[in-house]
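These notes are about the structure you will find just below.
All figures in this text were calculated on a predicted structure; none of them were measured in a lab.
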Amino acid sequence: MEYDFRLIENKWRQKWAELGTYKVTEDPNKEKFYVLDMFPYPSGAGLHVGHPLGYIASDIYARYKRLQGFNVLHPMGYDSFGLPAEQYAIQTGQHPAITTEENIARYRTQLDKIGFCYDWSREVRTSSPEYYKWTQWIFKQLFNAWYNPMSNKAEHIDTLIAIFEKNGSSGIDSKILTGDIEKEVLPFTAEEWKNFDDKKKFDILMYFRLAYLGESFVNWCPALGTVLANDEIVNGVSERGGHPVERKRMKQWSMRITAYAQRLLDGLETIDWTESIKETQRNWIGRSEGASVRFPLIGHDKQIEVFTTRPDTIFGVSFVTLAPEHELVGTITTEEQRDEVQAYIQKTKARSERERQADVNTISGVFTGAFVKHPFTGKSIPVWTGDYVLVGYGTGAVMAVPAHDERDFKFAKHFGLDRTQVIIPTHDFNCDEAAWTEKEGTLMNSDFLNGLSVKEAVKKAIQEIEKAKVGSGKVNYRLRDAVFSRQRYWGEPFPVYYKDEVPYLVDDQHLPIELPEVDKYLPTEDGEPPLARAEKSAWNYAEGDRMEFNTMPGWAGSSWYFLRYMDPKNENEFVSKGKVDYWKNVDLYIGGSEHATGHLLYARFWTKFLFDQGYIPFEEPFQKMINQGMILGKSAIAFIDSEGKMHSYDLISDDLTSYRETRILIDYINDDESINLDALRNWQPQFEKMTYVTNSQGKVIVKREVDKMSKRWFNVVTPDDLCEKFGADTLRMYEMFLGPLEQSKPWDTKGITGVHGFLKKYWRLFHLNGNFEVNDAEPTKDALKTLHKTIKKLRDDLDRFSFNTGVSSFMICVNELTDQKCNNRHILEQLTILMAPYAPHITEEIWSKLGYAEGSLSDASYPIFNEAHLVESAYNYPVSFNGKMRFVLNLSLDLSIEQIQEQVMANPDTIKWLEGKTPKKFIIVPGKIINMVM
RNA sequence: GCGGAUGUGGUGAAAUUGGUAGACACGCCAGACUUAGGAUCUGGUGCCGAGAGGUGUGCGGGUUCGAGUCCCUCCAUCCGCACCA
């Protein structure tokens, strides 16, 4: 009887669906385990072999946990709002919902072929109104909340109002009262607060809300016609499409993620993620300790506030530099300097972020004509503006200490500015040539800091700054608030309407605000977002003068989806308390590392917020995370000369650049890297009449190059083809067999036959004489040994997420059992349970043939996954002396290390060999080797 | 520049706390069975050497009875951040 994987896999796919095998419900008698994949954006291109890699790993782990007896939540859904569907809509006029629906259907078909144990009854889609109703609801909670630095958590805005009513602005810690608000309205007394009109109160509260409408510098991408968050920009261009981005001051919805900067940092210590992702997040949050210092402007009643990490160098300040965008630049520039400064600002503005980043070595700047007073020496200090100071970091102003900061040094040198050395270097160092930037040395020229070490001076300087009331110690973060508006159609509408340009929230009972129909998916002629095209009647709710025309960014829906899986159909709550208390946070999260500063940060932020609000009992969404590597494609490149002839790659000895490179669909490449010319001729017209210069075997060889797997490189391998040819079980095991999950690697289909052959061999174990047959005799000692070795190895492998070595263990086991001609029921049954997570279809088939109820293998727990079960079988322990192997003892595997030691010492061979001496050290590696050091 | 990760045969890789390096698989070589083989099975396969033997985990040192594994220096590749004050 042949291993007919098509028949078997179709059969079980249907059975599982019929039996509802993978449906789970809350069960207080069982321990929960939550295994989650990062849900995909359903793109038009469908799945390639890289996509399921992580899904297979999580599926194996989820099944393993089920077999161990856990109640496993393992859901799947779609992150279905996004740009590609919208761009397709712009081109074709087809509603993005239709495209999305089609793509989801295709994804589902592809996913189903692989045999995942998802509970599909819990599917969520971020673009469905039933789902985004709750995204809108969470937005409302964020709008109605502020971050109370005294209690260190988010609270309802009412508690802030209560504070203002009682104590005015002095009721809250002064440290959070920075930025624009300070200048406009602060401070105010309780009495003044009560007398403010509603508009003014509203405006003040807007400075505190966690979701707020505010004017700030944002990344505007003209080509995409929308603003972007910092994580959506890579090297100064948009992540999608690579379009230039410029900084623009705009009124936008933002999320006050900065309020959570410290907790986002601290939380990293409590979760089990790779060091590299944690480090990326730490980098992104960018905590630095220092001080903020105010320099009073001479001739104005204003002051310039700077942030510095080196308050110890305060006596070395020789000028102050403002970012060109700094709002004081216009105010303080003197008449004589005005033209020059204006020209400089214009020049800076004209340069894109990318250009500005590209030439960081060019020094530019202009003197503003203004001076500030040094807070301690009272000396006049010139104020410059220069684009090496970034408006988005700190206060957008720096105190320049050329002697001890490299950029300040270059700037000073370039413009011939003064330089005051205030630190004596610890070793020979030429302070005329470079800045001494080490945080070591002794202070000089620094009044009360003289003689102190840098470390002491930092402390002392902050004390003195605070004493003189010219500033304070401060922690600064690189993290910026996240822009939350997008000028796009295909996203969540805001639950917001405007009356007299004041935003109001829509009542809960009117949620969701559904996406209205529009005639075109483009911005309006006067630059309003696409939603401005909608007639008032097209909205399912309309109030005030107009609705909010922006939509939410892609990360809105994905910041809380893992909660919705727990209670996907709940119409009254985003998730019920009972369900979230049972399932809690995700125990194992598998997905790519590319979301380090996007999704993974935002999801942590929202989770902390919902925790503060008392809706959920945990602060970190994803306890353990594994980042699967990317599967790359091997493109096939052919070379065409200037006459249009294609040359075999092995014939080309001259310069490759004189040839035109063409990528060939990899389906047409044979195992020996030659092109299937007949297929190629039929592929594209250009190849039909082409002349081919073949090698001595009459073949045209291609060059292989590793690229991202993508349609445009013609190097895509789909899981569908492989399922068709080898079956899902083979595909699952092969993807795991490829290597460590975390590593990126090029896809190579060649090795798949090895895994396929293994499954056939496993199948044959049960069909020694052509028919299904197992014997019920006592298992042999050898077979037991093989089995128990495999159990132990496999459990160890799974517990440390080493899925590749797990496959190898099975291969070794099956090879050994084949050699032993073992067809013992007990042994094969146990092996089948072990293999079930990896190869669910074939094992279910065998299981039912062994006489068990259909589907019971996937839906029960088995003791071999819980107890070691390593009994009566024995291991050969080589016993060695100082590294040289001396003899072999046969010892039972279930002995403790102490028992092994006892038995070895009691063994006649040992006694004879030791001749009365006692070993100094006794090294036992369980299952491997015993070593005695004399 | 700062931070993170990786480096083992022709290839993907294993070696879990330091304990027989290269398991397992691909590929390759030889053979068996076959009309045939992209089927199945058997044997071989790190490198040098006919052999005994020597040698071997990016380079160079160190600790140890023993190092792919621990420590130090350097090199290479990949990723993240980067005028962050």
Inset, instruction - Give A:Lys278 one of three labels, base, sugar-phosphate or nothing, depending on what nucleic acid heavy atoms sit under 4.0 Å from its own. - result: nothing

Legend entry - Residue A:Lys703 excluded, over 12 heavy atoms near NZ under 6.0 Å: yes

Legend entry - Base-contact (B) and sugar-phosphate-only (S) positions in nucleotides 23-33 of chain B, heavy-atom cut-off under 4.0 Å, - elsewhere: BBSS-------

Legend entry - A:Asp799: partners by salt bridge (charged side-chain N to carboxylate O under 4.0 Å, His left out), with sequence neighbours left out: none

Inset, instruction - List in numerical order all residues of residues 738-745 of chain A for which some heavy atom is under 4.0 Å away from an atom belonging to RNA chain B. - result: A:Leu738, A:Pro740, A:Gln743

Inset, instruction - Please check if any side-chain donor atom of A:Tyr3 sits under 3.5 Å from a side-chain acceptor atom of A:Thr730, or the reverse. - result: no

What's touching nucleotides 1-5 of chain B from the protein side, N or O pairs under 3.5 Å?
unit_1: B:G3; atom_1: O2'; unit_2: A:Glu279; atom_2: OE2; d: 3.3

Inset, instruction - Check RNA chain B against residues 399-407 of chain A and give the residues with a non-hydrogen atom under 4.0 Å, in numerical order. - result: A:Arg407

Inset, instruction - Answer with base, sugar-phosphate or nothing: what part of the nucleic acid does A:Val389 contact at a heavy-atom distance below 4.0 Å? - result: base

Inset, instruction - Determine the contact category for A:Arg287: base if any of its heavy atoms lies under 4.0 Å from a base atom, sugar-phosphate if only primed atoms, P, OP1 or OP2 are that close, otherwise nothing. - result: nothing

Donor-acceptor list for residues 591-600 of chain A side chains, cut-off 3.5 Å, not counting sequence neighbours:
unit_1: A:His599; atom_1: ND1; unit_2: A:Ser558; atom_2: O; d: 3.3
unit_1: A:His599; atom_1: NE2; unit_2: A:Tyr589; atom_2: OH; d: 2.8

Inset, instruction - Answer syn or anti for B:G9, where the cut-off is 90° from 0 on the glycosidic torsion. - result: syn

Inset, instruction - Assign A:Ser288 to base, sugar-phosphate, or nothing according to its heavy-atom contacts below 4.0 angstrom with the strands shown. - result: sugar-phosphate

Inset, instruction - Please say whether more than 12 non-hydrogen atoms of neighbouring residues, nucleotides or ligands are located less than 6.0 Å from NZ in A:Lys624. - result: yes

